[in-house]
2 protein chains.
Amino acid sequence: METRIERIKKQLHSSSYKLTPQREATVCVLLEHEEDHLSAEDVYLLVKEKSPEIGLATVYRTLELLTELKIVDKINFGDGVSRYDLRTEGAAHFHHHLVCIECGSVDEIQQDLLDDVEELVERDWKFKIKDHRLTFHGICYRCQEKKQQK
Amino acid sequence: METRIERIKKQLHSSSYKLTPQREATVCVLLEHEEDHLSAEDVYLLVKEKSPEIGLATVYRTLELLTELKIVDKINFGDGVSRYDLRTEGAAHFHHHLVCIECGSVDEIQQDLLDDVEELVERDWKFKIKDHRLTFHGICYRCQEKKQQK
DNA sequence: TTGGGTGCAAAATCTTTGCAATCAT
DNA sequence: ATGATTGCAAAGATTTTGCACCCAA
């Protein structure tokens with residue numbers, strides 16, 4: 001069984017990039033925090049714990065590289081920082097997000113949901129869709145429960 | 001017939017804000033460029049043409065205020081700057097965007113499209129939706145035509 | 001006169017870049 | 001040797017903030 005990191009290594013190699021120790025450490029952090037939505041700074045601090053010599057610029061360059069290769073997606077929830085999210089392996093499309101305006105949590109929706117909408121947009125707007133970003137802002141189930149208890 | 005700016009003035013007043021000349025000039029620019037997706041800097045330069053004494057900070061503060069009052073929406077297409085988009089009057093939901101990865105154009109989709117999806121998300125994820133952001137990245141019809149001609 | 005609003009400049013944030021040093025082949 | 005990669009510091013870009021001044025109620 002091939003590991004996730006090995007497959008990423010191959011993806012890098014097939015574009016003539018190397019999986020350096022710094023890049024590997026960065027990817028590991030992303031894998032270990034797949035549920036989170038880390039900023040470059042977040043990633044940097046986490047990588048530093050295990051590889052203290054790494055520089056912030058390297059993290060930025062690595063994240064940029066991974067974005068180019070479509071291994072991660074760069075997203076922005078409107079708080080001034082870019083966040084980086086591992087693409088779900090094998091998924092045809094980028095997953096969606098539920099941002100809670102009360103507690104700030106970010107949940108993911110892996111299910112596609114947009115098939116019909118995309119078909120309509122391609123047909124009626126003559127737009128060839130390559131990627132999408134869908135984010136809902138609202139109140140997560142946890143905060144709704146908290147409110148009901150009051 | 002009440003003008004758009006008069007209605008915005010009332011919205012400001014009902015939250016005890018004034019429509020100062022600077023704010024009015026800023027809103028006017030937004031109204032005159034409703035189809036565009038201006039950054040704060042863009043707005044600043046346009047406002048300056050008619051009100052040269054305005055400061056960039058005032059533009060930022062005005063845009064923030066208008067965002068709070070839900071008169072404009074702050075959006076981010078991943079190019080490092082926030083853009084400000086007048087909400088369509090009377091529209092229940094924020095409109096969607098088509099960003100062309102070839103020419104950088106941004107077209108708008110006013111049609112809602114997400115009714116079914118939102119119903120499903122509210123039901124299955126127990127998420128109370130307050131707002132959404134949907135952006136498609138791809139190739140606009142203009143660039144597709146250009147390619148075919150080659 | 002009083003508090004909101006403004007302009008300016010400085011500060012704060014986030015991100016990119018130049019460059020010398022280092023590494024792997 | 002050679003070209004890719006790195007760390008550091010500096011530069012860039014965007015946005016926010018402090019503060020004195022101004023203005024309308």
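Protein chains get the first letters and strands the later ones, always in sequence-line order, with residue 1 at the start of each. All values derive from a computational prediction rather than experimental measurement.
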Would you check if the side chain of A/Lys126 reaches a backbone N or O of A/Arg123 as a donor-acceptor pair within less than 3.5 Å? yes
Counting heavy atoms from C-beta on, name the nucleotide in C/dC8, D/dT15, D/dT5 closest to the side chain of A/Lys18. D/dT5
Integer-rounded Å distance: C/dT22 C1' and A/Ile54 CD1: 15 Å
Tell me the interatomic distance from A/Tyr17, atom OH, to C/dA24, atom C1', rounded to whole angstroms. 17 Å
Can you measure A/Arg23 atom CZ to D/dG7 atom P for me and round it to whole angstrom units? 11 Å
With a 4.0 Å cutoff (strictly under), does any side-chain N or O of A/Gln22 reach OP1 or OP2 of C/dC23? no
Report the nucleotide, chosen from D/dT6, C/dC14, D/dT14, that has the shortest atom-to-atom distance to any side-chain atom of B/Val81. D/dT14
Is any side-chain N or O of B/Arg61 under 3.5 Å from a base N or O of C/dG4, one able to act as donor and the other as acceptor? no
Can a side-chain donor-acceptor contact be found between A/Thr88 and A/Gln110 if the only test is distance below 3.5 angstrom? yes
Atom CG of A/Leu56 to atom C1' of C/dT16: distance rounded to whole Å? 10 Å
When rounded to whole Å, the CG to C1' distance for the pair A/Leu38 and C/dC14 reads 16 Å
A/Ile71 side, atom CD1; A/Asp85 side, atom CG - distance, nearest 0.5 Å: 13.5 Å
How many Å lie between CG on A/Leu65 and P on C/dT17, as a whole number? 15 Å
Which part of the nucleic acid, if any, lies within reach of B/Glu53 when heavy atoms closer than 4.0 Å are counted: base, sugar-phosphate only, or nothing? sugar-phosphate
Could you state the CG-P distance from B/Asn76 to C/dT13, rounded to the nearest angstrom? 19 Å
Look only at the side chain of B/Glu6 and the backbone of B/Thr3, and say whether a donor-acceptor pair between them is shorter than 3.5 Å. yes
Would you sort out whether A/Arg142 and A/Glu102 count as a side chain to side chain contact (heavy atoms under 4.5 Å, CB included), showing the intermediate values? CA-CA 10 Å; A/Arg142 295 171 293 267; A/Glu102 306 251 316; over 6 Å; no
Please state whether the phosphate of D/dG7, meaning OP1 or OP2, lies under 4.0 angstrom from any side-chain nitrogen or oxygen of A/Thr58. yes
What is the distance, rounded to the nearest whole Å, between atom CG of A/Leu19 and atom P of D/dT6? 10 Å
Hey, does the side chain of B/Ser82 come within less than 4.0 Å of D/dT15's phosphate (OP1/OP2), counting only N and O? yes
Between B/Tyr44 and A/Gly80, whichever has its closest DNA chain C nucleotide further toward 5' is B/Tyr44
For a quick test of reading the model: is some side-chain N or O of A/Ser16 closer than 4.0 Å to OP1 or OP2 of D/dA4? no
Below the 4.0 Å mark, does D/dT16 have OP1 or OP2 next to a side-chain nitrogen or oxygen of B/Tyr60? no
